[in-house]
J.: 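Next up is a structure, given as structure tokens.
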Amino acid sequence: MMTLKVNGRDHRVDAEPDTPLLYVLRDDLALNAAKFGCGLGQCGACTVIVDGKAVLSCVTPLLLLEGKQVTTLEGLGSIETPAPIQRAFMEEQAAQCGYCIAGMMMRAQALLQKNPKPTDDEIRAELEPHLCRCGTHMRILRAVHRAAHLMKTADASTSQGRSQ
Amino acid sequence: MTTGRFLGGVFAALLVTGAAGAFAVAWRPGIAAVDPPSPETFDQALVRRGRDLAAIGNCSTCHTPRGGGDFAGGRPVPTPFGTIYSSNITPDAETGIGRWPEAAFRRAMRSGVDRAGRHLYPTFPYDHFTHVSDEDDRALYAYLMTRRPVHAQAHENLLPFPLDQRVIIAGWKLLFLRGAALELDPTRTAEWNRGAYLVEGLAHCGACHTPRNVLGAERASAQFAGGEADNWSAYAINAQSPAPVPWDTDALVAYLRNGWHSDHGVARGPMADVVGNLSDVPDDDVRAIATYMAEMFGYPTPDRKRRSEEVLAQLNSTPVAAAQTAGAAIYAAACASCHETNRPLPYGGVNLALSTAFSAPDARNAANIVLAGIRPVEGEPSPIMPGFAASMSDAQIAALLDYLRARFSNQPAWAGVEKTVADARRTQTVFLQRSLPPDNAPTDIRERGKP
């Protein structure tokens, strides 16, 4: 048993210390936004935020997470009150099949938290570890810019994420 | 290097320069500019040969920055003396070498002087390129002059006074530049002599793999004893090689050609650029380099042979270690699933008992690779490893590396690993931002270009 901090709450988790974080999120905590893509840390679909950094949850065993804060997409906003990053991706219709999008949003969120006004090049470089087979890359780029704008103008009044 | 030794060195260089008569020694005439020659005037076969030679010389690594045009320069090279920026060697008339006649190019290669007569800093390894033949310089010139011109002004070097005074380079050259053609050794095969010509000359292996003195020159008495490049250790590639399994000619050919070898692992860091370039050059040249270098490594001592046999014999029998320490637990949870499954290279992780990184004198390369992983080559099947910079703290990586050192090498523990990791975290970020996106070796060149 270990305690895992996810989206601001402590969870008692009954899992071996070498269990990948992704399995615990999906199988034990029913947080299904993060996806299993390749299982090798190469596609980005499983990305979550740990202590402000984008982390590939499929290659992150639980034992690395003691005392750290995990944030998943569910922790940023909900269907009723989407976070700026979620609103932006919806407004730009950046998802086609959507499998990569949760991971894309999480890394973009981590980027915007440390760099509120990234350039095109910075966004491209940051999202390079993420694969999208549908090819909505241009919309994703626009969505990240839109999220940056939303975060600045709305100044988090109504739509800021719960735990960020 | 201490400041005292450094300043002493600077003083010595100044003294030598002064004694020799700074002006007479330092002054070089300009060579008249020409109109940029049209690409059609160059023989195609010569251009193609120049392309292979440029790959052997690894020119693109320093002269092609991330996000910049091919050979457009501007890549910062950190040195103990300050930061030197690579120059634009495209045929652009204003900012590149478009107005350089071949004689000016040859002079730059031979003696480190630009067309206008200014001394070039030895970051440009003309102490090696001075050995390149006229014929090869002509081919390199033909290749570079037929590239796409890129207008990109060279960045000013960041050097303190007096090192920013180029006259000082003339003193350095007096001390360290030996500009003779390499003599052939008639007792050796043509292949060995070809290898010597390439290794000591254009391929400039010693520029990274030979330690440097306080004035930044290679120490001839310690040739190939290990140096550094871009915050990576360039391992000793002589008898002091820390590789658990000794290198031989065939292993070197395969490694330099494909970027990996089953007894050694995958090339990474700056060496990934080198093998990426070598994957495309003629077989004969790679074999010549390997033949010469195998002799530099030397025949392994009985002790090394025994150790190597032990390491190889244990590979299939070692069980995953019980997780008794924090480092062992991290290894078992995050590393062993790739590194201890016997899945063959290059897609399986190398068994870390074979990795030179854990038998090396310091933990730098091991730290770099854990932090940054191995990025895939775009559009090609290639080895991969996720980086753990975001998910492991410095203390966690240090615990992991201490455990791996104890388990997989017969050397004493490293000192100060956590600081090494912290330094690597700082410099690795810089390295990744600067290097080309496919900073990696291809696996099997027959697979190149296939989806």
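Throughout, protein chains are lettered first and strands after them, A, B, ... in sequence-line order, and every chain is numbered starting at 1. Since the model is a prediction, treat every value here as computed from it, not as a measurement.
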J.: In chain order, what residues pass the side chain to side chain donor-acceptor pair (under 3.5 Å) check against B:H151, with sequence neighbours excluded?
T.: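 Once residues adjacent in sequence are excluded, the partners of B:H151 under the side chain to side chain donor-acceptor pair (under 3.5 Å) criterion are B:D92.
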
J.: Flag yes if more than 12 heavy atoms outside A:R12 fall under 6.0 Å of its CZ atom; otherwise flag no.
T.: yes

J.: State the CG-OG distance between A:L40 and B:S337, to the nearest 0.5 angstrom.
T.: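 Output value for this atom pair is 8.5 Å.
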
J.: Only pairs under 3.5 Å count here: list side-chain donor-acceptor contacts from residues 383-398 of chain B, not counting sequence neighbours, and write none if there are none.
T.:
unit_1: B:S393; atom_1: OG; unit_2: B:Q396; atom_2: N; d: 3.1
unit_1: B:S393; atom_1: OG; unit_2: B:Q396; atom_2: OE1; d: 3.4
unit_1: B:D394; atom_1: OD1; unit_2: B:R425; atom_2: NE; d: 2.7
unit_1: B:D394; atom_1: OD1; unit_2: B:R425; atom_2: NH2; d: 3.0
unit_1: B:Q396; atom_1: OE1; unit_2: A:K68; atom_2: NZ; d: 3.4
unit_1: B:Q396; atom_1: OE1; unit_2: B:S393; atom_2: N; d: 2.9
unit_1: B:Q396; atom_1: NE2; unit_2: A:L64; atom_2: O; d: 3.4

J.: Just wondering, are more than 12 heavy atoms of other shown residues or ligands nearer than 6.0 Å to CD in A:E66?
T.: no

J.: Using non-hydrogen atoms and a 4.5 Å limit, figure out which bit of A:L21 sits close to chain B: side chain, backbone, both or neither.
T.: neither

J.: With a 4.5 angstrom heavy-atom cut-off, is it the side chain or the backbone of A:A110 that approaches chain B, or both, or neither?
T.: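 For A:A110, there is no contact with chain B at all, as no heavy atom is under 4.5 Å.
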
